[in-house]
Amino acid sequence: MAVLVTGGAGYIGSAFVEQLLAAGEEVAVLDDLSRGHRAAVHPDARFYEGRTGDRDLVRRIAAEHRLDACAHFAAFAYVGESVTEPARYFDNNFAQAQVLFESLLAAGVRHVVFSSTCATYGVPTRVPIPETHPQWPINPYGWSKLFVERLLESFDRAYGLRFVSLRYFNAAGATARCGEAHTPETHLIPLVLAAAAGRREKVSVFGDDYPTEDGTAVRDYIHIEDLGEAHLLALAHLRRGGESQFLNLGNGTGYSVLEVIETARRVTCRDVPFEKVARREGDPPRLVGDATRAREVLGWTPRRPSLEAIVRSAWEWMQAHPDGYGSGA
Ligand SMILES: NC(=O)c1ccc[n+]([C@@H]2O[C@H](COP(=O)([O-])OP(=O)(O)OC[C@H]3O[C@@H](n4cnc5c(N)ncnc54)[C@H](O)[C@@H]3O)[C@@H](O)[C@H]2O)c1
C-alpha cells in the first residue's frame, strides 16, 4: 500500500516522508510548492505538483498508487497572514481539505492523519493543555484548523473516514536532510540561529512582563522526528482499525524565549543579539501540551525532548545548508 503526503515539500511533511520511506512505505507527495521546496522532496517519493483541492489529480494519484492513507500536512500556517487574508486561509486550509477528503473517499481511501495545532485552543485557561480543553481560536488560522477537525468528525460519522488529528505544539529541529526554511521565517529557533550566524541583526523578544519565571513567553518545542514517529504510530493505529482520535503532540515541558536564546548561545558558541519589545496581541504567556493521551493511545514517547538536542539539530542543518534549500539540499 502507499501513503499520500500532502505538503511533503514543506518543513514537517518532508521529514515525515523520509521516515515513511525508511519504514519501507511507498510514498506519493502532493504539494503546490506555494510554501515548500522541490529540493526538500525525497527523491524516492513520487512527486505531484498541484493543489489538495484538485479532484482529477488526486484521482490520478490514487490510480497510480495503491493508496490506503493520507497524511495531510498541506496548509498555510502564518497566524498574522490569516488575520489580514482570512479568505485565503479558509479556502486553502478548509475548503481544499474538504475536496481532498471527498476525493480520497471516492478513491476508497479511509485513513487520514491530519496536522492540527494547539492554535485551536486559543488562550488556555489550564496549562498543560489537555485535549478536553475548550477550543476557541483567536485567529482565522486556528479556526480553519478547528473547522477541519469538525469536518473530519462529520465525515467519520457519515462516511466512515477514520482519522487521527494531531494537535502539534511548536515543531522544531531538523534531520540531516530536512530543516526549517520558511519565507518569511516566523519561528523562534531558526530566527535565533540566524542571529547567531550573523544573518540577521537581532531577535525581537515580544514581551518581558508575562507571569512566567523570566517574564518571557513559554512554549513547548517538539522535535520534527518525534512528530514523525507519532504520525507513523497514528497510521498503524488506523490500519489496525483504531477509532478516530484527537491527540496533542508536545513534550509537556515549556521553555521561555530567553531560555531558547541561552541554549542557542551554548550550542553555537556565538552571541545572539536580541531586543525586548512590546508583547504581540494574542500571544498567551504559556502554551504547553499535555500529551498523555498520545502516549496511551499510540504508545508514543518523544525521544528527543531536550531543547539543547533540538537546537543543535537545527544548527547543524543550518550550517550544512547556509542558503536553506537554495544550496546543498
Ligand atoms: N510548524 C509548526 O510549528 C506547526 C505547528 C502546528 C501545526 N502545524 C501544521 O503542520 C503542517 C505543516 O507545517 P510546516 O511548518 O511544515 O509548513 P510548511 O509551510 O513548511 O509546509 C506546508 C506545505 O504545504 C504546501 N501547501 C500549502 N497549501 C497547499 C495546497 N492547497 N495544496 C498543496 N500543497 C499545499 C506548501 O507548499 C508547503 O510545502 C501545517 O498544516 C501546519 O498548520 C505546524
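In listed order, ligands and their atoms are each counted from 1. For reference, positions follow the sequence shown, starting with 1.
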Classify the angle between the aromatic ring planes of F73 and Y168 as parallel (below 30°), tilted (30 to 60°) or perpendicular (above 60°).
-> tilted

Answer yes or no for G50: is there a heavy-atom contact with ligand 1 below 4.0 Å?
-> yes

Pair Y159-E102, side-chain donor/acceptor within less than 3.5 Å = no

What protein heavy atom sits nearest atom 43 (O) of ligand 1, and how far away is it?
-> Y141 OH, 2.6 Å

Are a donor atom and an acceptor atom from the side chains of S14 and H42 found within less than 3.5 Å of each other?
-> no

Would you please say whether a donor-acceptor pair under 3.5 Å links the side chains of N248 and Y121?
-> yes

Ranked by distance from atom 34 (N) of ligand 1, the top protein heavy atom is D32 N, 3.1 Å

Heavy atom of D31, distance to ligand 1 below 4.0 Å = yes

Evaluate the criterion side-chain contact (heavy atoms from CB on, under 4.5 Å) for residue pair H223 and S313; output intermediate values, then yes/no.
-> CA-CA 9 Å; H223 196 287; S313 69; 3.2 Å; yes

Measure the shortest side-chain to side-chain distance between L307 and V260 over non-hydrogen atoms and say whether it is less than 4.5 angstrom.
-> yes

Could you tell me whether R312 and E316 make a salt bridge, using a distance below 4.0 angstrom between a side-chain N and a carboxylate O?
-> no

For atom 3 (O) of ligand 1, which protein heavy atom lies nearest, and how many Å away is it?
-> A171 N, 3.0 Å

Cut-off 3.5 Å, side chains only: do T216 and D214 have a donor facing an acceptor?
-> yes

In the protein, what heavy atom is nearest to atom 17 (O) of ligand 1, and what distance, to one decimal place, separates them?
-> H182 NE2, 3.7 Å

Quick one: look up the protein heavy atom nearest atom 10 (O) of ligand 1 and list residue, atom name and how far away it is.
-> Y168 CE1, 3.3 Å

Before signing off on this row, confirm whether T117 and ligand 1 have an N or O atom pair separated by under 3.5 Å.
-> no

F76 to ligand 1: N or O pair under 3.5 Å?
-> no

Side-chain heavy-atom pair F155, V112 within 4.5 angstrom cut-off | no

For atom 19 (O) of ligand 1, what's the nearest protein heavy atom and its distance?
-> R35 CB, 3.7 Å

At a 4.0 Å threshold, what atoms of ligand 1 neighbour a non-hydrogen atom of G36?
-> 36 (C), 37 (O), 38 (C), 39 (O)

Answer side chain, backbone, both or neither: which part of F169 comes under 4.0 Å from ligand 1, heavy atoms only.
-> backbone

Ligand 1 contacted by E180 (non-hydrogen, < 4.0 Å) = no

May I ask you to check whether S116 and E149 show a side-chain donor-acceptor distance below 3.5 Å?
-> yes

Side chains of Y221 and R219: donor-acceptor distance under 3.5 Å anywhere?
-> no

Note: ligand 1 atoms sitting under 4.0 Å from heavy atoms of L33 are 37 (O)

Which protein heavy atom lies closest to atom 32 (N) of ligand 1, and at what distance to 0.1 Å?
-> T52 N, 3.0 Å

Cation-pi check, R279 onto Y210 ring (under 6.0 Å, within 45° of axis) | yes

Please confirm whether R167 comes under 4.0 Å of ligand 1, counting heavy atoms of the residue only.
-> no

Give a yes/no on ligand 1: does S116 have at least one heavy atom closer than 4.0 angstrom to it?
-> yes

So, is F73 polar-close to ligand 1, with some N/O to N/O distance under 3.5 Å?
-> yes

Near K145 (heavy-atom distance under 4.0 Å), the atoms of ligand 1 are 40 (C), 41 (O), 42 (C), 43 (O)

Which protein non-hydrogen atom lies closest to atom 22 (C) of ligand 1, naming both residue and atom, and how far is it?
-> A75 O, 3.9 Å

What atoms in ligand 1 come closer than 4.0 Å to a heavy atom of G7?
-> 23 (C), 24 (O)

Part of A77 within contact of ligand 1 (heavy atoms, under 4.0 Å) | side chain

Do F163 and L247 belong to the same hydrophobic cluster, where Ile, Leu, Val, Met, Phe, Trp and Tyr are linked whenever their side-chain heavy atoms lie under 4.5 Å apart, directly or via other members?
-> no

For F246, is the NZ or CZ atom of R150 found under 6.0 angstrom from the centre of its six-membered ring and inside 45 degrees of the ring axis?
-> yes

In terms of atom number and element, which parts of ligand 1 are under 4.0 angstrom from non-hydrogen atoms of N92?
-> 27 (C), 28 (N), 29 (C), 30 (C), 31 (N)

